[in-house]
Amino acid sequence: MGDFLITPTSDSSPIPAVQPPQTDSYRSSRPNIVGPDPPKDPYPIQLEGTVQHGFGRGGKDLGCPTANLPDESIAHMASIAKPGVYYGYARVYSVSDPPSELPTEDLVVLPMVMSLGWNPFYKNQRMTAEIHVMHKFNSDFYGLKLKALVLGYIRPEFDYVSRGKELLEALIDDIETDKSVALNSLARPGHEQYVSDPFFSV
């Protein structure tokens, strides 16, 4: 695979500074764990809303299905955090009409990664929050309630400059690394305690 130019998108948020343009050599040296343990201010950040239909691209193109929250659910986080990839925990709730058929194992607190921003790969026209819960669900959960606790920041959004299929492969590689970094970062005592945080109570 060739060398890719990855250009972080611009932002003016106070946390943390945007990194300079990077190449494949940057990917190979990305940290396995990010953020202090336990998380420090402004984390944890609470998100809550009804899962809605998004662009339908995460599962189809990337093998990484995402849950999209309404604009109003991300307003607070968007006001204090810059665009980028974040990690934490999430839980889906079986509160719908008709009732959801999701099994118990789908309705517990689970690790997640999320993208907050404009998604430069797809040239979104508005800011979105796309949450990937790291769990194999038995069915979709559109219309169900989802809560998420954002515990840390992984990296800025990257705008990919490449050619054809290689561009998509680069994005998929970065997503897989994001998931690994999230799981490693969550496997620390100061993070694991949030699995039982009162915020996730029914």
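All values below were derived from every heavy atom in this structure, side-chain atoms included, with hydrogens, water molecules and symmetry-related copies excluded.
- Contact detail for Val113 and Ala182: the closest heavy-atom pair is CG1-CB, 3.2 Å.
- In this structure, the ring-ring contact (aromatic ring centres under 6.0 Å, His included) partners of Tyr87, at least two apart in sequence or on a different chain, are His191.
- Atom CZ of residue Arg91 and atom CG of residue Leu144 lie 12.0 Å apart, to the nearest 0.5 angstrom.
- Cluster annotation: Tyr194 is connected to Leu183 through the hydrophobic network of ILVMFWY side chains, with a link wherever side-chain heavy atoms come within less than 4.5 Å.
- Of the charged side-chain nitrogens involved, none lies within less than 4.0 Å of a carboxylate oxygen, so that Asp174 and Lys179 do not count as a salt-bridged pair.
- Side chains of Leu149 and Phe200 form a contact here, defined as non-hydrogen atoms less than 4.5 Å apart.
- Under the 3.5 Å distance criterion, the side-chain polar atoms of Glu176 are left unmatched by any main-chain donor or acceptor of Asp173.
- Residues Met77 and Val150 meet the side-chain proximity criterion, which asks for heavy atoms closer than 4.5 Å.
- In terms of heavy atoms, Tyr43 sits closest to Pro39 at CB-CB, 4.0 Å.
- The OG atom of Ser185 lies 8.5 Å from the CG atom of Asn32; values are rounded to the nearest 0.5 Å.
- The closest donor-acceptor contact from the side chain of Asn68 to the backbone of His53 lies at 3.5 Å or more, if one exists at all.
- With rounding to the nearest 0.5 angstrom, the OG1 atom of Thr128 is 6.5 Å from the CD1 atom of Ile74.
- The aromatic rings of Phe141 and Phe137 lie tilted to each other, with the angle between the two planes from 30° to 60°.
- Interatomic distance, CD1 of Ile172 versus OG1 of Thr177, reported as 12.0 Å (0.5 Å rounding).
- Listed by chain and number, the residues in a side chain to side chain contact (heavy atoms under 4.5 Å, CB included) with Val195 are Tyr89, Val109 (sequence neighbours excluded).
- The distance from atom CG of Asp37 to atom NZ of Lys40, rounded to the nearest 0.5 Å, is 9.0 Å.
- Using modelled atom types, no side-chain atom of Ser73 and backbone atom of Leu69 make a donor-acceptor pair closer than 3.5 Å.
- Nearest approach of Ala78 to Leu116, heavy atoms of both residues: CA-CD2, 4.5 Å.
- No donor-acceptor pair closer than 3.5 Å links the side chain of Asp140 to the backbone N or O of Tyr142.
- Contact detail for Val34 and Arg188: the closest heavy-atom pair is O-NH2, 2.8 Å.
- Residue Pro42 comes nearest to Ile80 through the heavy atom pair CB-CD1, 4.2 Å, listed as atom of the first residue, atom of the second, then distance.
- Across all their heavy atoms, Leu186 and Pro111 have their closest contact at CD1-CB, 3.6 Å.
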Check step by step if side-chain contact (heavy atoms from CB on, under 4.5 Å) holds for Val85 and His132.
-> CA-CA 11 Å; Val85 178; His132 172 64; over 6 Å; no
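- The salt bridge (Lys or Arg N to Asp or Glu O under 4.0 Å) check on Glu48 picks up Lys145, with sequence neighbours excluded.
- By the 6.0 Å and 45° rule, Lys147 stacks over the aromatic ring of Tyr93.
- The side-chain heavy atoms of Met112 and His135, taken from C-beta on, include no pair separated by under 4.5 Å.
- Under a hydrophobic clustering in which Ile, Leu, Val, Met, Phe, Trp and Tyr are joined whenever their side-chain heavy atoms come within less than 4.5 Å, directly or via other members, Tyr153 and Ile33 fall into different clusters.
- None of Leu107, Asp106, Val108 except one satisfies the side chain to side chain contact (heavy atoms under 4.5 Å, CB included) rule with Val92; the exception is Leu107.
- When side chains are defined from C-beta on, Pro31 does not count as touching Val181, because their heavy atoms never get closer than 4.5 Å.
- For the atom pair Leu47 CG and Met114 CE, the distance stands at 5.5 Å (nearest 0.5 Å).
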